[in-house]
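On a predicted model such as this, the values are computed, not experimentally measured, just so you know. Counting starts at 1 for both ligands and their atoms, following the listed order.
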Amino acid sequence: MFVAGILRLFLYGILIYIVLAILKGLFGPGSPPETTRNRTAAASPLVQDEVCGTFLAREDALREVIDGRERFFCSPECRAKAKSGTPPAQ
Ligand SMILES: [Zn+2]
C-alpha cells in the first residue's frame, strides 16, 4: 500500500512534468505571434456605432469627429447619416 501511494505520487510528478513540457513546447516557439495577437486585441476595444447600434472593433470602425466629439461608425452610410442628421438627444 505504501509503495503504491509513493508510486502514484511519482507518476503524478511525471505527468505534471510532461504536461508542462508540452505546454512549453506549444507556447515557446509560438509565443511571439500569440502575444502580438493578444496585444492587438487589447489595443482595439469595442466601440459602438451610434447610428445603427452595431458594436465593432475600434480599428475597424470609421472614425469621425462631429461637434467636437469622436464617434465611430460601421459604414460610410452610417457616418453620412450621423453627419447629415442631428446628434442623438441624451
Ligand atoms: Zn452602422
Side-chain angles (χ1 to χ4, degrees):
M1 291 306 129
F2 244 113
V3 177
I6 291 167
L7 197 70
R8 199 179 293 165
L9 213 69
F10 184 66
L11 284 173
Y12 276 131
I14 290 174
L15 203 71
I16 288 166
Y17 178 80
I18 289 169
V19 168
L20 286 177
I22 290 169
L23 287 177
K24 205 181 267 185
L26 283 177
F27 297 113
S31 70
E34 196 71 40
T35 46
T36 46
R37 210 179 304 147
N38 288 345
R39 217 175 290 145
T40 48
S44 57
L46 286 182
V47 292
Q48 188 177 21
D49 179 335
E50 290 175 23
V51 176
C52 66
T54 303
F55 283 96
L56 62 163
R58 191 186 166 120
E59 62 181 8
D60 295 333
L62 296 170
R63 197 183 72 93
E64 191 76 36
V65 176
I66 301 171
D67 298 330
R69 232 178 103 220
E70 190 180 44
R71 292 163 76 177
F72 299 93
F73 306 100
C74 70
S75 63
E77 287 77 26
C78 284
R79 184 175 58 183
K81 271 186 213 170
K83 284 173 96 171
S84 61
T86 50
Q90 284 184 3

Q | side-chain contact (heavy atoms from CB on, under 4.5 Å) partner of Cys74, the single match among Val47, Asp60, Leu62, Leu56 | A | Leu56
Q: Supply the atom-to-atom distance Arg79 CZ to Asp49 CG, rounded to the nearest 0.5 angstrom.
A: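 Interatomic distance, Arg79 CZ to Asp49 CG, rounded to 0.5 Å: 11.0 Å.
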Q: Report the distance from atom CG of Leu23 to atom CD1 of Ile16, rounding to the nearest 0.5 Å.
A: 11.5 Å
Q) Within a radius below 2.8 Å of the Zn ion (ligand 1), how many protein N, O or S atoms are present? A)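 With waters ignored, the protein N/O/S count below 2.8 Å is 4.
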Q.
Tell me whether Glu70 contacts the main-chain N or O of Val65 through its side chain, where contact means a donor paired with an acceptor under 3.5 Å.
A.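 The answer is no, because no donor-acceptor pair under 3.5 Å joins these two groups.
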Q. With a 4.5 Å heavy-atom cut-off, do Gln48 and Phe72 have their side chains touching?
A. no
Q: State whether Glu50 and Lys81 are salt-bridged, where the test is any N-O pair (Lys NZ or Arg NE/NH1/NH2 against Asp/Glu carboxylate O) under 4.0 Å.
A: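 Here Glu50 does not pair with Lys81 in a salt bridge, since their nearest N and O are not under 4.0 Å apart.
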